[in-house]
Amino acid sequence: MKTEEKAQRGEPDEPALPKRRGLNEFALKFATVNGTGSASANNLILRSIFRMGVPVSGKNLFPSNIQGLPTWYEIRVSGEGNTSRAAEFDLMVAMNGQTYASDVAAVSPGGYLLYDSSWPLPKLLLRPEINFLGIPLAKLIGEIFSDSRQRILMKNIAYAGAVAALVGIDQEVILELLSERFGSRKSLFDANREALQLGFDYAESHFACPLPFRLETMAGNDGKILIDGNTATAMGCLYAGATVAAWYPITPATSVAEKFRSLCERYRRVEETTANGAREIRNNFLILQAEDELAAIGMVIGASWAGARAFTSTSGPGISLMNEQIGLAYYTEIPAVIVDVQRAGPSTGMPTRVQQADIMACAYASHGDTKHLLLFPADPKECFEMAVLSFDLAERFQTPVMLLSDLDIGMNDWVIPRLEWDDSYRPDRGRVLGPAELEQIEEFFRYDDADAEFVTPRTLPGFSERGAYFTRGSGHDRFGRYTEDAEGYQQVVDRLAAKHRAASAHMPPPVVKRHPGARFAVITVGSCESAVIEAIGYFAARDLQLDYLRVRGFPFSSEISSFIEDHERCFVVEQNRDAQLRSLLILEAGAPAGNLVPILSYGGLPLTAVQVIEGIETAWKDEA
Amino acid sequence: MKTEEKAQRGEPDEPALPKRRGLNEFALKFATVNGTGSASANNLILRSIFRMGVPVSGKNLFPSNIQGLPTWYEIRVSGEGNTSRAAEFDLMVAMNGQTYASDVAAVSPGGYLLYDSSWPLPKLLLRPEINFLGIPLAKLIGEIFSDSRQRILMKNIAYAGAVAALVGIDQEVILELLSERFGSRKSLFDANREALQLGFDYAESHFACPLPFRLETMAGNDGKILIDGNTATAMGCLYAGATVAAWYPITPATSVAEKFRSLCERYRRVEETTANGAREIRNNFLILQAEDELAAIGMVIGASWAGARAFTSTSGPGISLMNEQIGLAYYTEIPAVIVDVQRAGPSTGMPTRVQQADIMACAYASHGDTKHLLLFPADPKECFEMAVLSFDLAERFQTPVMLLSDLDIGMNDWVIPRLEWDDSYRPDRGRVLGPAELEQIEEFFRYDDADAEFVTPRTLPGFSERGAYFTRGSGHDRFGRYTEDAEGYQQVVDRLAAKHRAASAHMPPPVVKRHPGARFAVITVGSCESAVIEAIGYFAARDLQLDYLRVRGFPFSSEISSFIEDHERCFVVEQNRDAQLRSLLILEAGAPAGNLVPILSYGGLPLTAVQVIEGIETAWKDEA
Amino acid sequence: MTSISKPRIPLATLPANEIGLTVRDYEGAMSTLCAGCGHDSVTAALVRSLFELSIPPHRIVKMSGIGCSSKTPTYFASGAHGFNSVHGRMAPIAAGANAANRSSIHIGISGDGDSLSIGAGHLVHAIRRNVRMLYVIENNGVYGLTKGQFSASADVGSTAKHGEANEVAPIDPVQLALSLGATFVARGFSGDKAQLVPILKAALEHRGFALVDVISPCVQFNNHVGSTKSYHYVRDHELKEIEQDFVPPMRETAARLPHGGTIVVTLPDGGRIRFGTLPEEYDPRDRGAALHYAAQAQQRGEIPTGVLFVDEGTRDIHELNSTPDEPLISLPFEALCPGADALARFQDGFQ
Amino acid sequence: MTSISKPRIPLATLPANEIGLTVRDYEGAMSTLCAGCGHDSVTAALVRSLFELSIPPHRIVKMSGIGCSSKTPTYFASGAHGFNSVHGRMAPIAAGANAANRSSIHIGISGDGDSLSIGAGHLVHAIRRNVRMLYVIENNGVYGLTKGQFSASADVGSTAKHGEANEVAPIDPVQLALSLGATFVARGFSGDKAQLVPILKAALEHRGFALVDVISPCVQFNNHVGSTKSYHYVRDHELKEIEQDFVPPMRETAARLPHGGTIVVTLPDGGRIRFGTLPEEYDPRDRGAALHYAAQAQQRGEIPTGVLFVDEGTRDIHELNSTPDEPLISLPFEALCPGADALARFQDGFQ
Ligand SMILES: Cc1ncc(C[n+]2csc(CCOP(=O)(O)OP(=O)(O)O)c2C)c(N)n1
Ligand SMILES: Cc1ncc(C[n+]2csc(CCOP(=O)(O)OP(=O)(O)O)c2C)c(N)n1
Ligand code: SF4
Ligand code: SF4
Ligand SMILES: [Mg+2]
Ligand SMILES: [Mg+2]
């Protein structure tokens, strides 16, 4: 896709968004080397802007590597609330000699480039239409700090100071953040403050600060927090009462399990002092780092079968490996919550890039006839809420539920409304018969006595002989008996299909925005939302009203089908090559293929509004 | 599905096929206990009928068990060539006390039941509308044979003798078969002949032989053979020049690899006598029984990458386990031939029952954007031909090819035209650059220089430094270099999508039968063919012409799309719950969902024409 | 010849155990395995062990993978929950179940194919994790259910029979487990219930992962090259049609192993296995010695049986993870969910 | 601190080997691993070994899974084909490649995560199958690429440091391989090239599966609980934002291990490993003794290095399968396809 390339190089795109460089409207990009600790400095800036009340987003474009390769961080500031990934950058902090050339090229005309002038910038990189701001950072830092480790880290803080001056970050806010970070560790705090001041002062005294685009405190973030999706997902699992987690490390899902552990240690660890004065730890959770993803899903199935709320977190390759056992859980009707933080590409692909490309793989995971429940969060708030919901759905419908987050949501910091919790929430454990209920019925059969939603009661091991039954992934009839009989087999799988349909009533409804008389609409999913909303605004400003629908769960509700029917054309925006959401809509929402126009981006970077606008305009042209 | 149940019980169905019980038109069923060696006797009957030139088929309905459970064998005789699974049975050989009740019920009115009258048949099983033929088999056999092992085996041969008399099997033919089997082992031959004669004579002297329906020699099988699909598949792999096979045992695919081994030992084993007189064996093949399916597909990928023609054979659970590496082969563009002998159900399901339920799982196997090449044989002849083709396609398009056979095709004996081989065939190895070609080009890049079909040249390890490159499942650009860059990544995956489309021209064309002016059609796949053809004949006899199309490969050719367009309605007949072929047609042949009416059977038994007829009639009624 | 004809425990009044149950209360469904299959003898020994230990059936959890051996859970303790999962994945599924409810008594039954091929990685890690469970491998050297392919385990008896070492190194689960730090390692023979029952009881009482490898001959398929009734014979394509689908009637192979010595047992197909039992002075608490003993026995062509190693001082998966004494599934939701106030405070850190 | 600043072999005239190549001809792309990563030292040792053995680069085939260690094949022998596959599956992929072309020299590079967790089952079976290849485990006790989770291998040095045994039994690839009948088992230390090069050369010349476990410290993450620069420190959520994405500048840990003795090596984070080398009289042909030695060294808290076991008399995967001397990929189609006449005759049996 040409757009993608141009956008990455920062070249202006025809038709671009109207240039909004100005007060609380601009984008920064930091080019550094990974492993040098720049993330900390970048985060400081992001968080300062957030504290100033200005809507902001941060996108970390990092390599699948530990140290020494180019890495970028992008900050989009938008008082108007357009915080999808920026297509152009107004200030580039170019701290990586390896990538100078492309970083210089990525600055939009009239923009600025901040570089370390300890060494001269090669002449051939100069571009007349942008402004170069040199600070001899290495030299200045080298004069103050002697420890090599400190020099590397403090250089980052120094450029953060310079940026603060350039874009007008409130000094108090940034210092407050520093002191929160280092608290009592005074020497650390002092060093950081010194470096920060160094950058700040140098910029103030050498450049016309603040730049034409700059920050001004506003009240855009009241009641909001800045958080990454994986932390929010982990929080959801904690609040849902999950006690068992089994996982295998994989980017970008790793932090779901790691956060879950640290949250559990914080909220579920009871320390007791025994009679003889020894301290005893009691963990109200058990987290298993599995030997692989096959084991991880197995552990989740075993734990859920035994009655725990259990989950695993993984990414595409893990989903592939879990395929067989996802089918087992589906067919034996065992709850299983699987968090899939999607990354880019088939196979190993680009582990540190984003796509929503596991939609089809998850909807129909496993051989034979299978269909699963999917949830599609769009931001960390939904990660939290849908994580809780996924356990309720998994237990209510006794089936795997896949929470399809992605790298952009999961690993980047998002400004979202504060998470809320209703203390009256109690888990929906679905139909579980305890010993008392078992006494009331003549004989318990696992797959018999379906309710209106085609769910049959289960029992947990360990309580009563009356509830004992045999779970098997091989052919079974409604009594749970082994069968190779056509009818016995079909009764069960027919009910499974009906159960899947019934679940649609419990999926989160789509987010819909309609305008009276609109003939066209955009349908999207997950992290594409903000770019799509921005694009819709662009068209609205040109008197073209586009309706909007964001899918949040599968199976699809009838609302989705009728929304599609109500429009002449729906543009389906998603980040994968094969239009997977569109495919699923065609198959499962009864949508006519001709009415769904795919708008695809799959280069692996978070979606920009420009890509959506260009995609829609091109599609339009093609139709005309 | 009601039909299935009724059909299995042998109850006449409204609207049934016109009853054709008569000369060379009838069906037999043998109810026995598995592990008792009855397969040998049943096969003797099947083969005798085949030798008499009468079209015939045999369906083995066996349990997932080694010994002691009920098992059935069905033989359909049809001079007219309708050899799909019978819906009704004219003669039941009821040798299993455990299943008497259902076996008695399965005989169609006016039919016969042969039982062992050494013990009296319970009164309550008698049905007035069928004829009971008792032979004291155990008693008679016990009088001749003393060895317990022989008694069990010879009882089977004795009932075969009785059946031979009842349906008029040519004595010479059956004796010829026996002598071919036992050849020089005279005592074995004598015992078998004696048992056979015992049954034959008893029937001749006690019953009105032959029965109203009976055999008459005809010339229906000239130029034909009787063979199972797995043997034919293995033969195809042998003839295609596959040298490496890696597999893990699984029903119903096991015999593909086991046959491949025995064929290789027969045709590819060179025995040499060394100078010192020692005999040396040299195997021009290497078959690896892998530790699991993950290893099996890995070995195939490694061997294909290194330049061998390699394959694996498996069934549904194996496909699920291979998912991750199927994506690896797709993305790295490594040929891989995967034979999937489909069985019934999600998870372990019913391993000894049939479905075509891996269609979606195979078409899009693996996470991320992936699409694969699929071949759908309908009988052993196509197994052979498509096995060869699958290697040509895999190497030409450098991608996984899945040969989707099924249990019915793979494990049952089918009458097919003799396999043919053109000695001028040479493998299509696709674009492989050897050292000489490498000398001609300036620099070799693995994923560059695509041809008109979007295939790029590869090189094999071991020959030349100039051809050295690095294969990776992680993001790579067209030079084969690691990339996390949007454009570099997209160029490759866009070409993969184009390559997949280009492959459609090389897939075997669909089998099409059109009648001028027909508004309706039936589309089907694989082993459903014979039942569908029979059903079409039924409707034709009622003046309703249905066109016919059988899909043989994916990606679909434009012929399939236009066939669908040309018809008001297409009934899509397949054996799975979720209408998977229909789904794939909707997504990939641009077929409007409304025009494709699903006709599904998924009880796990081979399809009957009655099921198809009922399905179509019901669908029709629903539309009216 | 079907399983139906198998003798069942007679209905006469049976002695009761401590909790008032008879041995029948520990039985399960009728076996559908081949008559004479070693696995059914293991079932009988399990029934006996559970009865003698007076374990309430509802506290038992039976897990397995796929294979003839993996059908075993159907055949005992019908009052217990059972889970016949997928091929090779029983160990992690059992680990999950055990994590959720430590008060259940987890019994996993597997085969040599299930545990040493497709499930090998999981077995290795279940050992490391010290999941508290009895893990039985019904080891017959073949893939029974898929009709007789070689498995990765010892070519049972082939050494004794041909006097030659196996060229493709077989996997000995006992040595494997010992070298991985397993805390309970034992071996039995399906044909000697008198020895097997005490082994199983000890394993059931072990506070950690207890591996019991049971040599359990397959009467239908076996891997003794050269035996005319063997796998090779049946598989031979030339003879395919003669006896396909025929299982000769067989009886279970039984033998009483001596105390501290060796005995040669002849299998139905004529193959012979040389079993050894541990000498009086054997100390099962020394891992190094156990490994050494197992390796040496192997070199002598002898299969050592008995409890080869026990480490009673270890901590199981729950102790290693400091979970509470009550099962995790019994914790009230209130103990798990920090609530609205905590959520509010937590978010103060994200501003 | 980027890989670019790493020293490269100088351009001055270099000595040539038997086939006229210099050591540079065995190098690969510039490493992108962390400066000081043990894996890069293994690369250097591989380069040296291949050079010294005068192996034509095009005959080499480099295979790996996924991980920092699995990136190694990119960094040596750029004239050879390489295959960086998926996590944990290198062993079967290499087995397939080796089956197809036995004339290539297969070198597999893996990590402790890749080989002992997700790939454990495959490693076990590659050993059994005796696939002829050099199989290197770059063992650092952690998952490097996913940022520092514990792996299943020995908690390198933790015994020496804390004086306490690891509670979760670690997997020692050496003992595992020995107990599985591996035919070549060795261990080296990335920091001692002088010892490692001869080990790798011996392994490359072994006619079967040659396992070389190389202790290869990760300078970024490690599992020494308590070290302030360790994984635990970085992972700690409270401090998350201070040094996230910061890799302190490190140098490779190097040490010359003595002949027949022990030495304590200090890692960048202060952790210490006690390496042992084999005594003069050590006989690497006795498997039992090797196992015993390895187990005893472990008890002493010592990591034995050197070639622990070699069995030169074994038959590799090709010999066990009686394949021809020439690679299977070189057989002409005529030798593989029986042709039309044979097909006709074959079908006479199906009438
Ligand atoms: C993923 C998968 N692959 C293959 C199979 C087929 N299969 C069923 S049982 C079995 C082997 C059983 O061998 P073992 O565990 O030794 O049990 P036994 O029958 O010998 O007791 C295999 C390969 C399967 N069910 N699932
Ligand atoms: C199927 C799958 N699961 C997880 C991952 C993520 N992953 C990449 S490397 C790695 C671990 C690497 O550890 P190790 O093999 O020890 O190599 P090291 O980086 O320590 O050298 C993991 C879990 C993956 N790539 N694929
Ligand atoms: S095939 Fe073998 S293992 Fe399976 S039931 Fe029969 S005797 Fe037992
Ligand atoms: S993270 Fe560790 S293993 Fe990976 S490159 Fe860095 S030092 Fe090496
Ligand atoms: Mg077995
Ligand atoms: Mg590692």
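Atoms considered below: every heavy atom in the structure, side chains included; atoms not considered: hydrogens, waters and symmetry mates.
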Could you grab the distance from atom OG of B/S366 to atom CG of A/L321, nearest 0.5 Å is fine?
8.5 Å

Side chain from CB out, backbone as N, CA, C, O: work out which of these in B/T352 comes under 4.5 Å of a heavy atom of chain A, or both, or neither.
side chain

What part of B/P317 gets within 4.5 angstrom of chain A, counting heavy atoms only: side chain, backbone, both, or neither?
both

Counting heavy-atom pairs under 4.5 Å with chain A, which one of B/S64, B/P351, B/A593 comes out on top?
B/S64

Max heavy-atom pair count under 4.5 Å with chain B, selected residue of A/S347, A/G368, A/G475
A/S347

Counting heavy-atom pairs under 4.5 Å with chain A, the top scorer among B/G594, B/S315, B/G473, B/A329 is B/G473

Rounded to the nearest 0.5 Å, what separation is found between the CG atom of A/D578 and the OG1 atom of B/T370?
7.5 Å

Do B/D369 and A/Q580 pair up side chain to side chain, a donor and an acceptor below 3.5 Å, judged on atom types alone?
yes

Relative to chain B, which segment of A/I326 carries a heavy atom at a distance below 4.5 Å: side chain, backbone, both, or neither?
neither

Only pairs of heavy atoms separated by less than 4.5 Å count here; which of A/D358, A/I586, A/T332 has the most with chain B?
A/D358

Comparing A/A365, A/C362, A/S474 against chain B, the one with the most heavy-atom pairs below 4.5 Å turns out to be A/S474

Taking the side chain as every heavy atom from C-beta outward, state whether A/E484 and B/L69 have any atom pair closer than 4.5 Å.
no

Any side-chain heavy-atom pair of B/Y364 and A/S583 under 4.5 Å
no

Does any heavy atom of chain A fall under 4.5 Å from the side chain of B/I359, the backbone, both, or neither of them?
neither

When heavy-atom pairs shorter than 4.5 Å are enumerated against chain B, which of A/A361, A/G327, A/P346 gives the highest number?
A/P346

Using a 4.5 Å cut-off on heavy atoms from C-beta on, say whether the side chain of A/H367 contacts that of B/Q342.
no

Which heavy atom in A/Y489 sits nearest to a heavy atom in B/Y602, and how many Å separate them?
CE2-O, 3.2 Å

Structural part of B/A497 lying under 4.5 Å from a heavy atom of chain A
both

Between A/R577, A/E324, A/M350, which residue shows the highest count of heavy-atom pairs closer than 4.5 Å to chain B?
A/R577

